[in-house]
Amino acid sequence: MLYRCTTPRRLVGCCLWAFCAGGCTGVIDTQGSENDDVLQAASLRCDNKDAVGASSLRRLTRTQYNHVVRDLLGDTRAIATAFAPDENTDGFFVGAFVSPALASQYFDAAESLAQEADLSQILPCDLNQADEACAARFIDQFGRRAYRRPLRQPERERLLTLHRGSAGAGFENAIRLVIRATLSSPHFLYHVEPTPAESSDGDVVPMDSFAMASRISFMLWSSSPDDELLDAAASGELDTAEGVATHVRRMLDDERARDGVLDLVRQWFGVADLVALEKDSSVYPAFSQDIARTLLRSFDAFVEEVIWSGDGSLNTLLTGAFAWVNEDIAPWFGVDDVRGPELVRVELPPDRYAGLLTHPAVLAAAAKHDQSDPIRRGLFVREKILCQHLPTPPDDVDLTVSEVKPGASTRERFAAHTADAACAGCHQLIDPIGFAFEQFDGVGRWRDTDQGQPVDASGSLTNTQGSDVTVDGARELAEALAENPEVQQCAARQFFRFAMQRVEANDDGCSVAASFEKFADTGFNIRELVVAVSQSRAFLHRQVSK
Amino acid sequence: MSKSGRRDFLYGLGAAAAVAPFWSVLGTRAQTNIPKRLLIVFTPNGTIQKEWFPDGGETDFRFRRILKPLEPFRDRLLIFKGLDMVSGKSGPGDDHQKGIGHLLTGTELLAGDVKGGCEPCAPVSWSGGISLDQHVANHISSDRKFRSLELGVQPDNIEHVWTRMSYRGASQPLPPRRDPYLVYQDVFGDLKLDPAEREKRRALGQSVLDFAREDFAALRSQLGSEDRARLDAHTESLADIERRLGAVSVGAQCDPQGQGNRIDIGRVANYPAVGRLQMDILVQAFACDLTRVGSLMWTNSVGDRPAPWLDISEGHHSLSHTANTSADSKEKLIRVNHWYAEQFAYLLGQLDAIREGSGTMLDNTLVLWGNELGDGDDHKLTDVPFLLAGNVDGYFRTGRYFQYSNRPHNDLLATIANAMGAPGNTFGKKEFNTGLMNELRA
């Protein structure tokens, strides 16, 4: 069998399969219509305006934990990065299960965070004049930030009792114990979204005001609400859609919104773990962890410019012909007159480059360790940019690495899929997209030749809601994608998934559709999409589960 | 490689002598009641069956190339041919997913709200039941400092079904711990504390746990049933933490030595060294009686590490798919699997080096070596290579090779559970069992 495929050396949430026979139509018909059933993600059907999909209990993800303790205690050096990894729902990390290992990591982290906390920064009184009144004030303030809501009377009492009980060991130690206990509570570790006691299973109820505050802040900041947002929750401002919109706009302008939105876009484009990416140093000696880190900063800078100082449009995100580079990564963009370690903005040749879709961070992540990878890149576009799902390849498919051969271009070596009838069904959907990226090598650098042959980057985009197009190179492909209705809908889905920390269900059809319509009305402005998701019924409500 | 790895990490015996007084403070138990232990080792991507399965019959079997390194332990082994993951015909998932998910649970994978697969893989969640090691741990290790230890050698640091083989229960996968340096600290670090300091820490930790438990209980009553199950798993872990805080009695042969320098656990070149360190830790954790159940995962299902120390630059999984079409790939896979057999022999040797009662620790330990596939090239869940080492204090008559025909691996899981003192005629999903393997008994 000639099917060629690989799993990347480091499995970053994704494997690379050869898609053969499986669920795709064996041989694609000329219209491509048979495959449409397989490919298209459930369309945005709005059947029941009142319905809202069910949300499971989520814990803090590692990223959220890092941000939350930073905002509570100051920096603390990304302690959660060493925790057991988070679960994955269609591309986004969520916190679902707490394994014994993670429980123990939570316990130990609470101990060391409490021990190392700089009390002078968080106590409402001078440590030398501390008394029980100070402890009580601290418990109220700290507890409210840690639990993302005011403490209830019994909770306050219990923390005070804990403080009193260990006051013999000194005020400071007693405060540290309070911090430790607070950080060990499920009210700190989980996103608790209370529903009224008198509600029944399946009811759709308005979000609790403080849980609403958390939804907003974790969507935008990947962190806890600030005091202002908690005050707004307390005064009932977040009980209306307008109140929510006001705070979403305020918080989008805050520096911390970079945390949330970058977290989202990084995961969306598959670069969240870029720093851990390993490349074959004999093939790509210039690539290193430092380069990966700088490429990620460059990725972030591009996203920040588009969303916060640029036109904010999805189109620019996918096609903008500029980049942020320093002297280390300038060669990655074919730029040679940049000096120094600071990132500076450069214009790129608009016939070659197209926003995030040709950013080397993205294309290096979507590649093998020693070569480019048309399949992985084609799949990335189908799955992440179009939100389409392909079936898995059959179990017995030969997934062998397609080894680099001198004189044979990647395209030639990958041609087997589409030549073989058993593979063609799926691979005609994947490869013509992936081939359009062939002008970028395995670490995302422009190339004119591959193994001594001129690069052939012709490809096509078919089986979408847009019209079929043939393209020559990634730039043309990106332009087609940027105007494709399915891509625009997919963007709305991605923001919805991140905000809700789950994949949309059928019951969310109207919520996603409504977000999409507002997104479309604003010319596909990403900032407005964020606001629109916050205005959806699913975001403002919760389905009760008993 | 092995020696330098060890020096990187564990100090010599001199350091052990220096901490000896603390052991005596804690008190070592007399060797009257020797515990049973279970250790599970996983290596990925199937094997080259022709070179794995021995020639010959039940007692006159002769090793072929891959298992040659186990020659010194020939009389301590039970080797099996013809064990299939019959469960693999049921439930969602591709063969790698089913293979690893069913391996120790003997039951099907579930669908769920989190994806347990690689992105374009079948959208499965986690296994639908408890794994053998955890089932046994509930019976023999629940009073130990650690109910069990799950260690891994460069498994991908991501939550999906390929990277997990141990389950506390349905949808409760246990991540293997990856960094021997941190594992060492966690397992042995506090043994050196003096009793007063230990008691102080225990009391503080206890007050935190008590506080948290009240919150968990109150929150539980507000949740729906599915969320409640997740929270309960977390609450159960608090009891594990509580036990860990308490004083521990350590085994007579406890000698974890000192902790050396940290090594980069991500580098492919360090793979053998990380493996040695994790095996050393497991053996010492048994010797110290800090746990009685452990597992070691070499990478994960579909693990695709190359083996530069064998001059093999292709990834293991990639190679496995040309085993039947390329003589070169086949030869490399034989060498990779032979190397794994060497590692397994090292582990047995370490267990066998510790005197215990009238024999060695290996005599009181059952070591299971399994894989998620049989033939790696065609992804078959038939003729999966399984073997056992150790006779569990005379429970099994070892030194034998059993050749079955399509016997479900559930039977082996159930038989092991019984040997370890966890009775029951079946393990995993009932319909995949055909009966205990009493022919293995002494």
Side-chain angles (χ1 to χ4, degrees), chain A residues 6-15 17 19 56-57 82 84-91 94 96-104 107 110-111 155 158 162 165-166 177 180-181 184-187 190 192 194 201 276 379 383 389-390 392 395-396 398-401 403 502-503 544-546, chain B residues 94-95 113-115 118-122 147 150 156-160 162 168 171-175 177 182 186 204-205 207-209 211-212 214-216 219 222-227 230-231 233-234 236-238 240-241 244 266 268 302 304-306 314-315 317-318 321-322 325 377-379:
Chain A
T6 183
T7 52
R9 183 135 304 160
R10 182 171 282 273
L11 288 160
V12 185
C14 174
C15 68
W17 291 104
F19 283 83
S56 298
L57 179 67
D86 299 311
E87 287 89 342
N88 168 13
T89 55
D90 236 336
V94 298
F97 172 60
V98 175
S99 62
L102 183 57
S104 152
F107 183 78
E111 181 179 15
E155 291 170 337
R158 286 173 47 230
L162 197 65
S166 60
L177 186 62
R180 188 176 164 191
S184 304
S185 168
H187 297 296
Y190 287 87
V192 178
D201 194 41
L379 266 176
E383 301 255 338
H389 283 301
L390 287 119
T392 47
D395 285 340
D396 59 351
D398 180 343
L399 299 163
T400 317
V401 135
E403 278 178 58
R502 62 175 173 81
V503 176
V544 178
S545 61
K546 292 282 179 186
Chain B
D94 67 36
D95 280 340
D113 74 329
V114 287
K115 285 178 74 164
C118 62
E119 295 209 344
C121 290
R147 187 194 303 270
E150 291 74 44
D156 286 309
N157 194 20
I158 186 160
E159 284 282 331
H160 65 52
W162 286 347
R168 277 304 293 154
S171 282
Q172 296 177 23
L174 301 181
R177 300 201 228 184
L182 299 178
D186 196 26
L204 274 180
S207 63
V208 171
L209 288 173
F211 177 88
E214 273 193 59
D215 279 355
F216 275 92
L219 177 58
Q222 302 168 23
L223 299 175
S225 55
E226 253 182 64
D227 290 342
R230 281 204 176 127
L231 200 72
H234 192 168
E236 186 190 88
S237 299
L238 299 183
D240 289 348
I241 294 169
R244 215 166 300 160
V268 170
V302 203
D304 204 30
R305 290 275 183 288
E314 300 93 333
H317 174 251
S318 307
H321 280 291
T322 40
T325 48
D377 194 345
D378 65 7
H379 269 218

task: Taking the side chain as every heavy atom from C-beta outward, state whether B/S237 and A/V98 have any pair of such atoms under 4.5 Å apart.
output: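 No; the side chains remain at least 4.5 Å from each other.
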
field: Test item: B/H234 and A/P186 side chains (from C-beta on) under 4.5 Å apart, heavy atoms
entry: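 The answer is no; the side chains never approach within 4.5 Å.
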
message: Only pairs of heavy atoms separated by less than 4.5 Å count here; which of B/D186, B/D240, B/L204 has the most with chain A?
response: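 When all of B/D186, B/D240, B/L204 are compared, B/L204 has the most.
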
task: Heavy atoms only, distances under 4.5 angstrom: which of B/A233, B/S171, B/G205 has the most pairs with chain A? Name it, please.
output: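 If we count pairs closer than 4.5 Å to chain A, B/G205 comes out on top.
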
- request: Heavy-atom distances under 4.5 Å only: say whether A/R502 touches chain B with side chain, backbone, both or neither.
  value: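 Neither; nothing under 4.5 Å.
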
Minimal non-hydrogen separation, A/A181 against B/V208, with atom names: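 Between these two residues, the closest heavy atoms are CA-CG1, 4.2 Å.
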
Intermediate values then yes/no, side chain to side chain contact (heavy atoms under 4.5 Å, CB included), A/H187 and B/D215: CA-CA 8 Å; A/H187 297 296; B/D215 279 355; 3.8 Å; yes

- prompt: What part of B/L223 lies closer than 4.5 angstrom to a heavy atom of chain A: side chain, backbone, both or neither?
  reply: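 Looking at B/L223, backbone and side chain both touch chain A.
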
task: Tell me, for B/I241 versus chain A, whether the close heavy atoms (under 4.5 Å) come from the side chain, the backbone, both or neither.
output: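 For B/I241, the contact with chain A is made by the side chain alone.
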
Side chain B/D227, main chain A/L57, donor-acceptor under 3.5 Å: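 Yes, the answer is positive, given that a donor and an acceptor are paired below the 3.5 Å cut-off.
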
- request: Specify whether A/Y190 and B/F216 have parallel, tilted or perpendicular ring planes, treating 30° as the upper limit for parallel and 60° as the lower limit for perpendicular.
  value: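 Ring orientation, 0 to 90° scale: perpendicular.
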
message: To the nearest 0.5 Å, what is the distance between NZ on A/K546 and CD on B/E226?
response: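 Those atoms lie 15.5 Å apart.
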
- prompt: Roughly how far, to the nearest 0.5 Å, is OG of A/S104 from CZ of B/R244?
  reply: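 The CZ atom of B/R244 sits 4.5 Å away from the OG atom of A/S104.
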
